[in-house]
Every structure is written in C-alpha cells, then in structure tokens.
Amino acid sequence: MLIEAHNVTKAFGAFKAVDDASVTVEEGDILGLIGPNGAGKSTFFNCLTGDLPVTSGRVSFAGHDVTRLPPEARARLGLARTFQVPLTFESMSVLDNATIGALLRHPNARDARARARDVLQRVGLGHVIDAPAKSLGTPGRKRLEIARALASEPKALLLDEAMAGLTPTEVRDAIELVRRIHGDGITIVIVEHLMEVIVSLAQRVVVFHQGREISRGTPREVTSDPKVIEAYLGRRKVRHA
Amino acid sequence: MNRYLFFGALVVLALVYPLLVQGIPVWERMGALVLLAAIGASAWNIVGGYAGQVSVGHAVFFGFGAYAAVVVYTHLGWPPIAGAPLGMLLSVILAAVIGVPTLRLSGHYFSMATIAVGELVRVLSSTSDFLGGAQGLGGPAMPRSVFDLSFLSATPFYYIFLAVLAFLLGLTWWIERARMGFYLRAIKDSERAARALGVSSGRYKLYAYMLSGAFTSLAGSLYLCMFGFVDPESGFGILISVKMVVMAALGGAGNLFGPLVGALILVPLEELSNSYLGGRGAGLTFVVYGAIIVIIARFLPSGLLSLFRPRPSKPAPKSEIASGHAD
C-alpha cells in the first residue's frame, strides 16, 4: 500500500469539509477522486500532501506515518503534487522552475539542470526551455507544474484538477501525458470534475459528496450509481420506459 | 566578451579610485562610505533580496557589530576590530532567536516584526550603562598600534572595505549558483510550491537570515573602526535599516550588484546634500528616501539594474505549447 488515509476528518470550525474518509492507493494505481463542487475532494487532497493538517485520522505514505509531517518532508519521501491554480515561480525561466524540483535528488545544480532538461523534453516543453516561465499560458503552466513535480522523481504524483481550464484538444494531450507518466511506473491520484478525464484514465474512483465518501468502484460502476447521479444532478424521478 | 571587458574596467576603476582622488579628503571619504554602505546593503540582500524576506530591522545586527567592536575596547582594552568576530557570532545567534518566530510570518507581517525588534533593541541599548547609555561609546582617541585602524586618510579603509565587499559578493555569487540560491528564489516566488517540491523553507530562510545578520554585523564593526564612535541612534536607529532596504531596492533587490549600484547613487547624494545644505539639510535625508521608495515601488519594482537586463528574446509561443508533443 503506497498511500493510506484512515478515518481522515478535516474540520474548519464546526464545518467538516472532510468527514471520516478512508482511502488506500496501491502502487501502480491511477485513483480518481471526484465529486461536485464543494464536496471536499480538494481538502482531502491537501490533507494527503500535508498542506492542511488533519483534525483527526491518520495518513501514511510508503510505510511511513506522515500525519504530522509538513509538505516538504512528504515530498522527500516521494510524494509530488501539482496545484489547481498553477504556482509557477514567476521570476524564473522554465528550465529553472523544473530545476527546483530536480534539486531534491540532485543537490549539484549542474546535474539538476541536466535532469530538468530531460523532464521538460518528456512533458513536451522542450521548445520553451529557456523562455521566462511567466510567458507561458495556462496549458504551458499546467505542464510545467507536472514537469517540476516529475523532476523530483516521485513515487506518487497527485494531480489537483490538472485539466481544468484546458480546451478539449489540450485535455486529450494532457490525458496522453498522464498515461505516459503512469507507464513510467508512477502511481497517480487525480482530482477532477471532468468526468471524461476520470473515465478514460482512472482504474478506481472514489466519489465525495458533502465531505463524505458516497461511492467507490470502477469508473463505469460509479457513474451508474444512483447516489452519484443524485449528487451531481440532484434528485429526479426515475421513469422506466 | 564585451561584458567581461566592461566588468574588468569597473574592477580596475575600483582599485585605482583612491589614486584618482588623492589629496581631496571629501572624495577619499566618499569612496569608503559607498563601499561600507554597499557591504551593509549586500548583506541585507541575501535575506531581503534573494529570499524575499524584507527585514526592516537589520540595524539590530549593524548595532551589534558596532557595539561589539567598541565594547571590547572600552571594557577589555582590545583593538576595536577584534570585536568583529564576536559581533558576527552574537548576530548569528541573535538571528536564530529572532528568526525562528518571525520568519513564520509572511510578507508585511515579517517586516513589521523586524521593525519592532529593532526599535526594542534601540531603546534597551540607550538604558544600558554597559553600552554607554544614550551617550554611546567611543573608540581609542589615539592609535596605540596599527591594529586600532586609526588612519589619517580614508584610503586604507577604502581598501579594507573593498576587500570585504569583494569577499561578500563572491560568496553571494557562489550561493546564487548553488542549490541554496535556487531554493531562496523559489521561496520568494512561491513558498507553498517550494515546499511541495521538498524545500525546507523554514530552514533555508533561517540560514539566509543568519548569514545576512553576520555580514551586517561586520559592516557595523567596520563602521565603528572608521568613525570611532557609536550611540543608540547611529547603531540601532531605524534609518540604518531603511537605508539598507532602499539602497538594495534602488539598484535591484535579489541582484548581485543591485545594492552596490544603490549605494553608488545614494551615498554621494546624501553626502553632497549634507555638505551643501549643512545643518538645514539634516531632515532632508528622510524626504529623499521617502521619495525614492515611492518612485521605485511605482515605476521600478525590480530596481535600476532591471533596465539593463536583456528583454526576453523568445516569448513562449503559446499556441505551440497547447499542441506541444514530446517524443
């Protein structure tokens, strides 16, 4: 088991954004976390990465209890993430952005640069390596987030709405990229509300609604689960023909 | 190639400057003062410029350095320069004590906390008999040996300051290219993203703060050696902190030569306005610094040196990225 979350609860005051969620991710998985807006999936995601401390429950990663560890310590264990709104290092070049990630395993700046160059080629940013990162548009920034995370040579990559704001063509390219990363042996957890993405990528899906897990299974199973349909579309009279 | 020539010419100019102005005490003094200010501002630049943690309380370290130098003379009879390592050591410890709680604060809150600490230390120093109270302390009136660094002209100080500045800029240059430099800039741009990539931001900010404090303290000790006197205002006064910030920001904070450029402009401006306006111009310094802060913040947030940086020659072609494939 690579990632284990046991009975994780995250409360903001009296409001429980995540209520008693337990999720396990095996090595080599692609796990999708879905749910309507405000379902608590991003909050849960941030509890996994350490950006938010849990109110109760336990998180372990690669055999270590990481519940009390800050994000940087989890990153060192091999847990990488991207941000929903890209947090690009604006003052740096594209190459330097990726180099920050590569420095985690390659303390020598020259080695890290070479490693960053490889990763940028792999994710399709090879032609803008020396451009200032702030000149990138949304699709480029999303790719750069992924490149930075990959450069840290993670065991697991957690993608927070990596496809939001992309055009359908860009989404197809991005799905292809995630497949390729998974093919390289990296476990993937993906938060998305684009059903299309989840259906074509994830092997297993966990559905959140109002802070609780309401369904889990293969993409096909959960999309036909009445509870899931109700959460997304609201209650409706089911009329059988 | 052109750049190296230009740079080489500047180094030669810096080396021969005292010969060019020999016999004109005002200009001999000016050279030394520019370098001293550049040392202070370059030290500030490590934490304020590269790491983006804008300390407005660096006078604490400057004052520690100045007082350490004068205290070893007053209480132990040592030459003031012997207090420099002591001041640096104390400043590193002090930086850790101040930094651990305050560096957790972000942006303006950190700046405000450093102002508070700076003012607190200034007030405390003026009530301490050990530090000479509000009157301050003076160094040796007559040189007892060459180690007292008491010279008739400012030229020996010029070369001492030049050596220290060269060492400090060399060290900064090395850090800039090493992992620490990358990490400090990452923390400045987005601390959250840096931490997600495994950067122990708290630890790196603290290292930068301690290193910066140590060299600011050295600037304070050198100041005392040259002027031979320090009181709470000239050691711990907030204007000392503000000057470091403004000089670095004017030239370019987070830029290796930014603080030096800022010092090259501001120190002569201040010295000339003082000598032409005499006592009437005393308050004018504050007005000038205030105006400069407003102008930089509005028109040149990256400092003067950003004007000379080549424009990004290859803006990323956005349409290509959208369909950019690997393989």
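No hydrogens, no waters, no symmetry mates; every other heavy atom, side chains included, goes into these values. Convention: sequence-line order gives letters A, B, ...; per-chain numbering from 1.
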One option among A/Pro107, A/Gly101, A/Ala80 has the most heavy-atom pairs under 4.5 Å with chain B, and it is A/Pro107

For A/Ile100 and B/Leu197 the tightest heavy-atom approach is CG2-CD1, 4.0 Å

Item to complete: Answer yes or no: are there more than 12 heavy-atom neighbours, outside A/Glu196 itself, under 6.0 Å from its atom CD?
Response: no

Whatever's closer than 4.5 Å to a heavy atom in chain B on A/Arg113 counts as side chain

In terms of heavy-atom contacts, A/Asp96 and B/Arg185 come closest through OD2-NH1, 3.9 Å

Applying a strict 4.5 Å limit to non-hydrogen atoms, the region of A/Asp51 in contact with chain B is side chain

Across all chains, not counting sequence neighbours, the ring pair (Phe, Tyr, Trp, His ring centres under 6.0 Å) partners of B/Phe182 are none

Greater than 12 external heavy atoms within 6.0 Å of B/Phe167's CZ
no

Filtered by a 4.5 Å non-hydrogen cutoff, the part of residues 84-91 of chain A contacting chain B is A/Leu87, A/Phe89, A/Glu90, A/Ser91

If one checks every heavy atom of B/Arg192 against chain A at 4.5 Å, the contacting part turns out to be both

Within residues 148-156 of chain A, contacts to chain B at heavy-atom distances under 4.5 Å involve A/Arg148, A/Ala149

Among B/Ala196, B/Gly181, B/Ser302, B/Ala178, the residue with the most heavy-atom pairs under 4.5 Å to chain A is B/Ala196

By residue number, those in residues 62-77 of chain A with heavy atoms under 4.5 Å from heavy atoms of chain B are A/Pro70, A/Pro71, A/Glu72, A/Ala75, A/Arg76

